There are 4 protein chains.
Amino acid sequence: MTNKDRPKYQQIIQAALEVIAENGYHASQVSKIAKKANVADGTIYLYFKNKEDILISVFRERMGQFIHKIKNAIEDKETASEKLLTLIQMHYAQLTESPYLAKVTQLELRQSKPELRREINKVLKSYLDVIDSIIEHGIKEKEIRDDIHPRLMRQMIFGTIDETVTTWVMKNERYNLLDQVEDVHSLLLNGLTKKN
Amino acid sequence: MTNKDRPKYQQIIQAALEVIAENGYHASQVSKIAKKANVADGTIYLYFKNKEDILISVFRERMGQFIHKIKNAIEDKETASEKLLTLIQMHYAQLTESPYLAKVTQLELRQSKPELRREINKVLKSYLDVIDSIIEHGIKEKEIRDDIHPRLMRQMIFGTIDETVTTWVMKNERYNLLDQVEDVHSLLLNGLTKKN
Amino acid sequence: MTNKDRPKYQQIIQAALEVIAENGYHASQVSKIAKKANVADGTIYLYFKNKEDILISVFRERMGQFIHKIKNAIEDKETASEKLLTLIQMHYAQLTESPYLAKVTQLELRQSKPELRREINKVLKSYLDVIDSIIEHGIKEKEIRDDIHPRLMRQMIFGTIDETVTTWVMKNERYNLLDQVEDVHSLLLNGLTKKN
Amino acid sequence: MTNKDRPKYQQIIQAALEVIAENGYHASQVSKIAKKANVADGTIYLYFKNKEDILISVFRERMGQFIHKIKNAIEDKETASEKLLTLIQMHYAQLTESPYLAKVTQLELRQSKPELRREINKVLKSYLDVIDSIIEHGIKEKEIRDDIHPRLMRQMIFGTIDETVTTWVMKNERYNLLDQVEDVHSLLLNGLTKKN
DNA sequence: TATGAATGAGCCTTCATTCAT
DNA sequence: TATGAATGAAGGCTCATTCAT
């Protein structure tokens, strides 16, 4: 049984997620996480190398599941358009379900030290890969234009989704993110211009 | 003569910008800023309330100019499409010209404490207002579709531009951001879909 | 069967000796000793009251044997001069044979807490007694001068031997300690002065 | 004005010496030293790199003076015998005058980490050099025997003096160390043997 | 006996801010 | 205005010891 399967590991991960969401990254002392996880301060260090390792693990574990679910949901879909719709829908749905994760990913983890950022970006990379594969598929099937560098397309997709979630989190999640799925999908596919 | 007009005020602002860009947010001690600005530590506190106030001022001053220049450039343009093209072009141009500002806005200041983020967002708000006014103008002139909430459009525009810049900064600015202006503009206006 | 006769007791003592010699006193955690002794951390506490008790026991056991052997070897000798020669020879020989013991007694255990030092000194006392008995014998037989307090003589003998060993250990035992036996013996008996 | 000339530097050195002498090396927290020196904890770090640096400095400063005074006193003396007598006398006199220094050098500083030991040995080296120069002088003048390696002679001299002081400190300085000067001098010069 | 996961007290160091000059 | 020496609160981490199994 590895560390990750032990109940205390997940207990600490969850506690860390909540503490960061509630207090912000900078006010998240190890002792606070330990208390919320109902373990002694020292116990933390049986499961994690140091404070940074806790935070990286929170992100890796949670975003890992997050991305995994999206990947699964997309597989079935035929067209790039459907795949993108599903991605947006799943992205919004999961963050709606887990406000802690939303708060932490959109706000708190952006306040982290360079080394931590680097680790976060590794995880993020695998999400961007998912988006890239949708674009590639769309281009191959001639659904998506091929006159623009795919990297820019991915940046538009991720940038847009990310910005809509950030706004929603900063507005304290007062509206329903899922109501925007179709409109965001339409915007990304068709752009701003009025067609007639 | 207010504080802002005194030479030391600008001296400290500039020093802070450079120190953050060079050392990162977390390694930007007041003493380092003071040294770079050639003033004593204590002198900082004659011009700024506290450390946070320095950072907010950096952002306010620099982003103020940044936004002001974009506003000016856009005024002349007739169509929403032209205005948007100019905004993208100016956004990229200014950050290309000032690598310090790019590094600080895209990476370092996102690592700041919640209170600081809030102040930064106030400044950012006036940039988002500029984007909103372009959209509003476009809708009125029937250039821009009116079936989608303008807020979502603005989020796509800002999210996309922001994400392209972040990628560029994280790639150590190894390519020319300005080469992407037309493509980003086309993507935002026309979306991903292949037209025929 | 007392603790001392159980195999694990000696196992832990030997492990402690090696761990201290290899890692130094300050890096000798109980867990490290347990691992080297192939027992669980908790097992240590079935045989020893606490960490200090391990260290004292190491010293007591090893120095006990050390002193015992010297005592035995001296018994046979007739004169104080011969006894002293044998003591020096045995002292050097045993530490040459056991580099762990040398490193630990000369360097590492001197870095211990006052309480531990006190215990160590109790053991040392019995070694000093051996030296005292040689001196006493020599005085009685008129081999050794009686115009100087025997305590000072013992301090010269022990101080000199101890200092020569410390130097040797700090020079990483690069020369043969036993080569010095006769010279040290001559120095202690005859002093520094040139006779003619 | 360098750090060393500022009053607080000496204030902290003296406080550290007293704290170590009173509490032992291991119970000498930085905060305790700061309190005794009447400065804030942080102030310590304006004058010393870290805790170890305080301890090294204590030793360097105090032993520096110690050795300097002995060197001066020896210069005048003609013969090796007189020089040695003066060295013993000065060694005992200075430690008698400064019980703190005695306690720290004989007991506490031997309980230090390897890096600290190394620094201490550097200082000690210059004391051993003084002893070596006496021996060399004595050999040249045919006062001291030349059939024994001078290093062994030095080890006897230092080992003996050191051991006599250690015993005295451990006996809580209950007798007068200076009473032993002539006897120790006689022992070192003439050895243990009864002459007739 | 034996285990080893869990405990939690303890401490060095940083750095934003102050204030006497 | 300007200085910079001094302040002191705050927190991550280690490791000897315990105890449920």
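No experiment lies behind these values; they were computed from the predicted model shown. Chain identifiers are assigned alphabetically (A, B, ...) following the order of the sequence lines, protein sequences preceding nucleic acid strands; residue numbering begins at 1 within each chain.
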What stems show up for DNA chain E when you take Watson-Crick pairs (N1-N3 plus N6-O4 or O6-N4) and G-U wobbles (N1-O2, O6-N3), both under 3.5 Å, and require three or more consecutive pairs?
E:2-21 with F:2-21

Is there a donor-acceptor contact under 3.5 Å from the side chain of [X] to the main chain of [Y]?
X: D/K32; Y: D/A27; value: yes
X: D/N50; Y: D/D53; value: yes
X: C/Q11; Y: C/A37; value: yes
X: C/E119; Y: C/I56; value: no
X: C/S98; Y: C/L95; value: no
X: D/K51; Y: D/S28; value: yes
X: C/R110; Y: C/T105; value: yes

Whole-Å distance separating the [atom1] atom of [X] from the [atom2] atom of [N]:
X: D/N50; N: E/dT13; atom1: CG; atom2: P; answer: 5 Å
X: C/Y9; N: E/dT1; atom1: OH; atom2: C1'; answer: 18 Å
X: D/F48; N: E/dT13; atom1: CZ; atom2: P; answer: 13 Å

By the definition side chain to side chain contact (heavy atoms under 4.5 Å, CB included), identify the one residue from B/I13, B/I120, B/L116 that meets it with B/F59.
B/I120

Looking only at the side chains, is there a donor atom on one of D/Q10 and D/Q14 sitting less than 3.5 Å from an acceptor on the other?
no

Basic-acidic side-chain contact under 4.0 Å: B/K103, B/E22:
no

For D/I20 and D/L55 the tightest heavy-atom approach is CD1-CD2, 3.0 Å

Using the closest heavy atom to pick a nucleotide of DNA chain E for each, name whichever of D/K49 or B/E52 lands nearer the 5' end.
D/K49

Interface with DNA chain F, restricted to residues 14-37 of chain C and to heavy atoms under 4.0 Å
C/Q29, C/V30

Taking the side chain of B/Y45 as its heavy atoms from C-beta onward, which of E/dT13, F/dT14, E/dA16 lies nearest to it?
E/dA16

Using the 3.5 Å cut-off, write out each protein N or O paired with an N or O of nucleotides 2-5 of chain E and the distance between them.
unit_1 : atom_1 : unit_2 : atom_2 : d
E/dA2  : OP1    : C/K8   : NZ     : 3.1
E/dA2  : OP2    : C/Y47  : OH     : 2.7
E/dT3  : OP2    : C/A40  : N      : 3.1
E/dT3  : OP2    : C/T43  : OG1    : 2.5
E/dG4  : N7     : C/G42  : N      : 3.1

